[in-house]
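A short write-up of the structure that comes next.
FYI, side chains are in, hydrogens and waters are out, and symmetry mates aren't considered; it's all heavy atoms of this structure. In this chain, residues are counted from 1 in sequence order.
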Amino acid sequence: MLSEHDTRKHRCPMLGHIISFSYCRTPGGNIPCKKIFDCWWETFNVSEFIHTHYDEATIQQIIAPNPSKTASLLDLIEQARKRV
């Protein structure tokens, strides 16, 4: 069941306070937080949970590296230019 661990609590290193696993599963949509493996591996087998409940495309989005700061800034500049 997808919600079986939702009530578990843990301190989020990005937000700085205690949150439930349900938040980590859906922080801004249907894709789990990129740090879900780092934060929950000591509590339960989060890798098995993710591989059981999510397809390979979603897993690849979770583990994909974040773009560099420079690339992000250049992308934002380009988006601003297109708006003007």
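- Here the CG-OG1 distance, from L2 to T52, works out to 10.5 Å after rounding to the nearest 0.5 Å.
- Listed by first and then second residue, the ring-ring contact (aromatic ring centres under 6.0 Å, His included) pairs involving residues 52-84 are F49-H53 (not counting sequence neighbours).
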Problem set entry | Worked check of side chain to side chain contact (heavy atoms under 4.5 Å, CB included) between S47 and F37 | CA-CA 7 Å; S47 181; F37 294 108; 4.1 Å; yes

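- H51 is linked by a ring-ring contact (aromatic ring centres under 6.0 Å, His included) to nothing, counting only residues two or more places apart in sequence or in another chain.
- Sorted by first and then second residue, the pairs that involve residues 26-52 and meet salt bridge (Lys or Arg N to Asp or Glu O under 4.0 Å), not counting sequence neighbours, are K35-D38.
- Taking Ile, Leu, Val, Met, Phe, Trp and Tyr as members and joining any whose side-chain heavy atoms lie under 4.5 Å apart, directly or through other members, V84 forms no hydrophobic cluster with any other residue.
- Between H10 and W40, the ring planes lie tilted relative to each other; the angle falls in the 30° to 60° range.
- Among residues two or more places apart in sequence or in another chain, the side-chain hydrogen bond (donor to acceptor under 3.5 Å, both in side chains) test is passed with S20 by S22.
- Listed by first and then second residue, the ring-ring contact (aromatic ring centres under 6.0 Å, His included) pairs involving residues 56-82 amount to none (not counting sequence neighbours).
- Screening residues 58-84 for ring-ring contact (aromatic ring centres under 6.0 Å, His included), with sequence neighbours left out, gives no hits.
- D55 is linked by a side chain to side chain contact (heavy atoms under 4.5 Å, CB included) to A57, T58, counting only residues two or more places apart in sequence or in another chain.
- Here salt bridge (Lys or Arg N to Asp or Glu O under 4.0 Å) pairs that include residues 7-28, with residues two or more places apart or in two chains, are D6-R25.
- The side-chain hydrogen bond (donor to acceptor under 3.5 Å, both in side chains) pairs that include a residue from residues 75-84 are D75-Q79, where partners are two or more places apart or lie in different chains.
- What you find for I62 and I50 is that their closest heavy atoms are CD1-CG2, 4.1 Å.
- With a 4.5 Å cut-off between side-chain heavy atoms of Ile, Leu, Val, Met, Phe, Trp and Tyr, the cluster of I19 takes in L15, Y23.
- The shortest heavy-atom contact between C39 and P13 is SG-CD, 3.6 Å.
- For residues 60-70, the set of pairs meeting the side-chain hydrogen bond (donor to acceptor under 3.5 Å, both in side chains) definition, not counting sequence neighbours, comprises E56-Q60.
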